2 protein chains.
Amino acid sequence: MNYSKQREIIYNTLKTNVVHPTAEYIYEILKKRHPNISLATVYRNLNQMASAGIIKRIEGLESSVHYDHNTHEHYHFICDKCKKVFDIDADIAPDIEDKTFAKTGFAILGHEITFHGFCADCK
Amino acid sequence: MNYSKQREIIYNTLKTNVVHPTAEYIYEILKKRHPNISLATVYRNLNQMASAGIIKRIEGLESSVHYDHNTHEHYHFICDKCKKVFDIDADIAPDIEDKTFAKTGFAILGHEITFHGFCADCK
DNA sequence: TATAAAATGATAATTATTATCAATTTATGG
DNA sequence: CCATAAATTGATAATAATTATCATTTTATA
């Protein structure tokens, strides 16, 4: 993977952002300072970094994919009202992959847990 | 919700099917015996039954939504090679909603766990 | 610094899904 | 049992999210 200015600013936007944005959201932010950037470049780089393990894709929250700069094991909660995404600590489901391997014998390469409901502000 | 012949055959197809099909897959099966059925009818009825709690939507497996006639709490594993979807017993993550509520205070209305990797046949 | 590989922006194409709407089917109150 | 309203259908248009294409530009390196 070669260096690219665009990838750098996409990563920085993701990292300094409090939310767990979609590609579209990052694109909207970047457009203000970098009006020439293309939405395809944003998608391309986010997926490229996700493949390389630099960031993570969060699927199953909404129809669109969200991205997360935090690659440590943790889970997500999406508020059904305000649609904000919150981190949930990994210790709510200890050894879940080992347990599942013990039960099934499947080679488990990853897992994802997503909660939904109402956050503190919305409930 | 009124009775409809189409909803009945869609539900029966889902119930008697070993897999966790997508709307498209159900549509392809149904077309053989019911060539006039519309794909929109399949989507409409699956989502309608999911809203009513009669079946469940499984999101986060692939780009398309899968449906499940088993509404009891359980999780899913998708094989990265053959794309088959397997059930995982709920007891791998006991009291996960209570634990998450205790940590966050959020009102939790549901959660989903999806694993991926290689199944017994593919690994 | 010439060259090959990688990345970009613009945009077309694709995929999954939902919306629209006239016609048909279903439920029910008289 | 039928008239009526509400629900549902099939056909298809529309939308939303994402990926593919491709000529041009940028980056790494011999």
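Just so we're clear, the structure is a prediction, and the values are computed from it rather than from any experiment. Here is the naming used below: chain letters follow the sequence lines, and residue numbers restart at 1 for every chain. The analysis underlying the following values was restricted to heavy atoms, covering all of them including side chains, and did not include hydrogens, waters or symmetry mates.
- Put simply, S4(A) has a side-chain N or O that comes within less than 4.0 Å of OP1 or OP2 on dT8(C).
- Phosphate proximity of dT9(D) to N45(B): present, with a side-chain N or O under 4.0 Å from OP1 or OP2.
- Among the atoms of the strands shown, only primed sugar atoms or phosphate atoms (P, OP1, OP2) are found under 4.0 Å from some heavy atom of Y3(A).
- If you check every strand for non-hydrogen atoms under 4.0 Å, T41(B) touches a base.
- Across the protein-nucleic acid pair, I9(A) atom CD1 and dA7(C) atom C1' stand 13 Å apart, rounded to whole Å.
- If R44(A) and T22(A) are placed on DNA chain D by their nearest nucleotide, the residue sitting closer to the 5' end is T22(A).
- For E62(B) and dT17(C), the CD to C1' distance is 15 Å, given to the nearest whole Å.
- Counting to the nearest Å, the P atom of dT18(C) and the CD atom of E24(B) are 13 Å from each other.
- Taking every side-chain heavy atom of V65(A) into account, dT18(D) is the closest of dT18(D), dT11(C), dT17(C).
- Among the heavy atoms of the strands lying under 4.0 Å from Q48(B) are primed sugar atoms or P, OP1, OP2 only; no base atom is included.
- Among the atoms of the strands shown, only primed sugar atoms or phosphate atoms (P, OP1, OP2) are found under 4.0 Å from some heavy atom of R7(A).
- Closest of all the heavy-atom pairs between T71(B) and G53(B) is CG2-O, 3.6 Å.
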### Task
Show your working on ring-ring contact (aromatic ring centres under 6.0 Å, His included) between Y25(B) and H20(B) and close with a plain yes or no.
CA-CA 9 Å; Y25(B) 187 83; H20(B) 303 72; over 10 Å; no
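- OP1 or OP2 of dG9(C) sits under 4.0 Å from a side-chain N or O of Q6(A).
- Rounded to whole Å, the distance from CE on M1(A) to C1' on dA4(C) is 19 Å.
- Minimum interatomic distance between I37(A) and Y27(A) (heavy atoms only, all atoms of both residues): O-CE1, 3.4 Å.
- Going from atom CD1 of I37(B) over to atom C1' of dT24(C) covers 15 Å, rounded to whole Å.
- Aromatic rings of F106(A) and F86(B) (six-membered ring for Trp) have centroids within the 6.0 Å cut-off, being under it.
- The separation between H66(B) atom NE2 and dT17(C) atom C1' is 14 Å, rounded to whole Å.
- Residue N36(A) has no polar side-chain atom (N or O) positioned under 4.0 Å from OP1 or OP2 of dT8(C).
- Heavy-atom contacts from other residues, nucleotides or ligands closer than 6.0 Å to NZ of K123(B) number more than 12.
- Put simply, CG on L39(A) is 9 Å from C1' on dA17(D), counting in whole angstrom units.
- Residue Y43(B) is the one, among Y43(B) and N2(B), whose nearest nucleotide of DNA chain C lies closer to the 5' end (criterion: closest heavy atom).
- Across the protein-nucleic acid pair, R57(A) atom CZ and dA17(D) atom C1' stand 11 Å apart, rounded to whole Å.
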